[in-house]
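Hydrogens, waters and symmetry mates are skipped; everything else that's a heavy atom, side chains included, is used.
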Amino acid sequence: MIDFLVRKFVRDYDKVQDVRVRQRYGNLASCIGVLCNLLLFSGKFVVGTLFQSVAITADAVNNLSDAGSSLISLVSFRLSSRPADSGHPFGHARIEYIASMVVGILVLMLGVELIRSSIDHIAHPPAIEFSWVSVGVLAASILVKLWMFSYNRTLGKRIDSMVMQATATDSLSDVLATGAVLLSTIMSPAIGFQLDGYMGALVALFIIVSGIRILKDTLNQLLGQTPDQELTNMIATKVLSYDGVLGIHDLMVHNYGPGRCFASAHVEVSSSVDILKSHDVIDNIERDFDTDCGIHLVIHLDPIVTDDERVNALRIKMAQIIRGIDPLLSMHDFRVVLGETHSNLIFDVSVPFECKKADDEITQAIYSAVSQMEGKCYAVVTIDHAYISETKGKTKMN
């Protein structure tokens, strides 16, 4: 059913990286969401009003909120697809995250209001009534919401949409909430006790938890969370596959919304190779990433000495010292300035967030170890806090 709708209403549906195609996916999902939720709201509101059920009415209002959220999603897909301009050179794709946050806030506010209504019903419970109409409407709602969860999750993953995945999470919460209301409708007459208010409160808690989860996921994206491990490994592996590349470090990935991925990295090449040849390799890497992966990659070229036995020996020795201080540490940009009276060992030390040692503790340990090396050596250390520790210092030589 999902694939049929996509093929029917989304032109060029396989080109999910295209901004216009993403907008078509978003339009389809949002329109379906508005239609389904309005139908569910109408049915539940009528039944809840006729049988004076706060739980069913609360569930109906929740569906009305979902319809509003779908409208917000529709607007966000239109706005986020706008091209970059002088004021927003990275485009407008992050509008999807803002829209997702609005959805989360609305869901949270609705949950709080429904708890208040449910408490009132617990204090003043209405008469117990049973209706097969109520059971039928609630059962149909569960089936519809399960399908909505499935299509939102499927399409959200397909186009990497935070808004659609938030909607899928909300739909799953609705299934649990409506299931609780259905249980209340069936059980209350059987046990002779009105569960309506209690189930209404339970529905409200489901809604609040769903809102908090949506807000948390969205805030992580806006604050700049750690990029996906598969993505960073793919970038490092692809860069290292080019002839002339010896290593990669200082990889950073910036997310400006779906389809707006920027990255930067330092790439090591041999200092003995002509600089124009190495520069040509770097240009090819940047161009290939833009064409093949849709990633705007900017590379800083780091020439390193590979054909000097003394420098190589010092590099190996220094790497052993650093690993001895803490196995999580790694070294890059190693250079040696040889002099008649002493030699300077210049390098960066990558410190991942998992490392518990303080920067001063690391540098003092390095200075102490270098002072005991043969020959008079001094360390010139730059502490570099890793953004993506797993790809730091990856080289072909290790």
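Here the closest heavy-atom approach between residue Asp307 and residue Ser272 is recorded as OD2-CB, 3.8 Å. Listed here is the closest heavy atom pair of Asn152 and Ser171: ND2-OG, 4.3 Å. The two atoms that bring Trp147 and Cys36 nearest to each other are CZ3-SG, 4.3 Å, heavy atoms only. Between Ile362 and Ile325, the shortest heavy-atom distance links the atoms O-CD1, 4.2 Å. A pairwise comparison of heavy atoms in Arg310 and Ser343 identifies NH2-OG, 3.8 Å as the closest pair. Scanning all heavy atoms of the two residues, the minimum distance from Met234 to Phe289 falls at SD-CE2, 4.3 Å.
Here the side chains of Ile119 and Arg116 are not in contact, with every heavy-atom distance at 4.5 Å or above. Annotation: side chain of Val245 is in contact with side chain of Ile285 (closest heavy-atom distance under 4.5 Å). For the pair Val370 and Tyr378, the minimum side-chain heavy-atom distance is 4.5 Å or more. In this structure, the side chains of Asp174 and Phe149 stay at 4.5 Å or more apart for every pair of heavy atoms. Side-chain atoms of Arg213 and Asp217, non-hydrogen and from C-beta on, do get closer than 4.5 Å to each other. Annotation: side chain of Asp359 is not in contact with side chain of Thr363 (no heavy-atom distance under 4.5 Å). Looking only at side-chain heavy atoms (C-beta outward), Lys357 and Leu329 stay at 4.5 Å or farther from each other. Using a 4.5 Å heavy-atom threshold, the side chains of Met373 and Lys317 count as touching.
Residue Leu297 is grouped with residue Leu301 when hydrophobic side chains (ILVMFWY) are merged at heavy-atom distances under 4.5 angstrom, including chains of intermediate members. At a threshold of 4.5 Å between side-chain heavy atoms, the hydrophobic network of Ile, Leu, Val, Met, Phe, Trp and Tyr places Val209 and Met101 in two separate groups. With hydrophobic clusters built from ILVMFWY side chains whose heavy atoms lie under 4.5 angstrom apart, Ile212 shares a cluster with Ile115. Hydrophobic clustering (side-chain heavy atoms under 4.5 Å, transitive across Ile, Leu, Val, Met, Phe, Trp, Tyr) keeps Leu314 apart from Ile346. Following chains of ILVMFWY side-chain contacts shorter than 4.5 Å, one cannot reach Leu39 starting from Ile142, and the two form parts of different hydrophobic clusters.
Taking CD1 of Ile32 as the reference point, atom CG of Leu5 lies at 4.5 Å (rounded to 0.5 Å). With rounding to the nearest 0.5 angstrom, the CD1 atom of Ile56 is 9.0 Å from the CG atom of Leu182. Note: Ile304 CD1 to Ser271 OG = 8.0 Å, rounded to the nearest 0.5 Å. Separation of atoms CZ (Arg24) and CG (Asp12) is listed at 5.5 Å; rounding is to 0.5 Å. Here the CZ-CE distance, from Phe334 to Met318, works out to 7.5 Å after rounding to the nearest 0.5 Å. From Asp274, atom CG reaches atom NE2 of His279 across 12.0 Å, with rounding to the nearest 0.5 Å.
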**OP:** With side chain to side chain contact (heavy atoms under 4.5 Å, CB included) as the test, would you mind laying out the steps for Lys44 and Asn63 before giving the verdict?
**Re:** CA-CA 9 Å; Lys44 291 179 186 177; Asn63 292 141; 2.8 Å; yes
Subject >> CA sep, side-chain torsions, deciding dist, call: Val21, Val10, side chain to side chain contact (heavy atoms under 4.5 Å, CB included) >> reply: CA-CA 7 Å; Val21 175; Val10 179; 4.2 Å; yes
**OP:** Could you walk me through whether Val46 and Leu50 pass the side chain to side chain contact (heavy atoms under 4.5 Å, CB included) test, one step at a time?
**Re:** CA-CA 6 Å; Val46 170; Leu50 288 175; 3.9 Å; yes
**OP:** Begin with the C-alpha distance, continue with both residues' side-chain angles, and end with the deciding distance and a verdict on side chain to side chain contact (heavy atoms under 4.5 Å, CB included) for Leu64 and Leu38.
**Re:** CA-CA 6 Å; Leu64 183 62; Leu38 285 179; 4.2 Å; yes
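A donor-acceptor pair is defined here as one N or O able to donate and one able to accept, closer than 3.5 Å; such a pair exists between the side chain of Thr49 and the backbone of Phe45. Within the 3.5 Å criterion, the main-chain N or O of Gly87 finds a donor-acceptor partner in the side chain of Asp85. Within the 3.5 Å criterion, the main-chain N or O of Ala365 finds no donor-acceptor partner in the side chain of Ser368. At least one donor-acceptor pair closer than 3.5 Å links the side chain of Ser188 to the backbone N or O of Leu195. Panel note: side chain Ser278, backbone Ile275; no donor-acceptor pair is recorded below 3.5 Å. Checking side-chain atoms of Tyr151 against main-chain N and O of Ala29 turns up a donor-acceptor pair under 3.5 Å. Ser150 contributes no side-chain N or O that, together with a main-chain N or O of Leu146, makes up a donor-acceptor pair within less than 3.5 Å.
With 3.5 Å as the limit, one finds a donor-acceptor pair spanning the side chains of His249 and Asp302. When only modelled atom types and interatomic distance are considered, Asn312 and Arg315 share a side-chain donor-acceptor pair under 3.5 Å. Of the N and O atoms on the side chains of Thr178 and Lys145, not one donor lies less than 3.5 Å from an acceptor on the other residue.
Environment of CZ in Arg158: crowded, with over 12 heavy atoms of neighbouring residues, nucleotides or ligands closer than 6.0 Å. When the shell of 6.0 Å around NE2 of His254 is examined, it contains more than 12 heavy atoms from other residues, nucleotides or ligands.
Here Lys238 does not pair with Asp288 in a salt bridge; the nearest charged N to carboxylate O distance is not below 4.0 Å.
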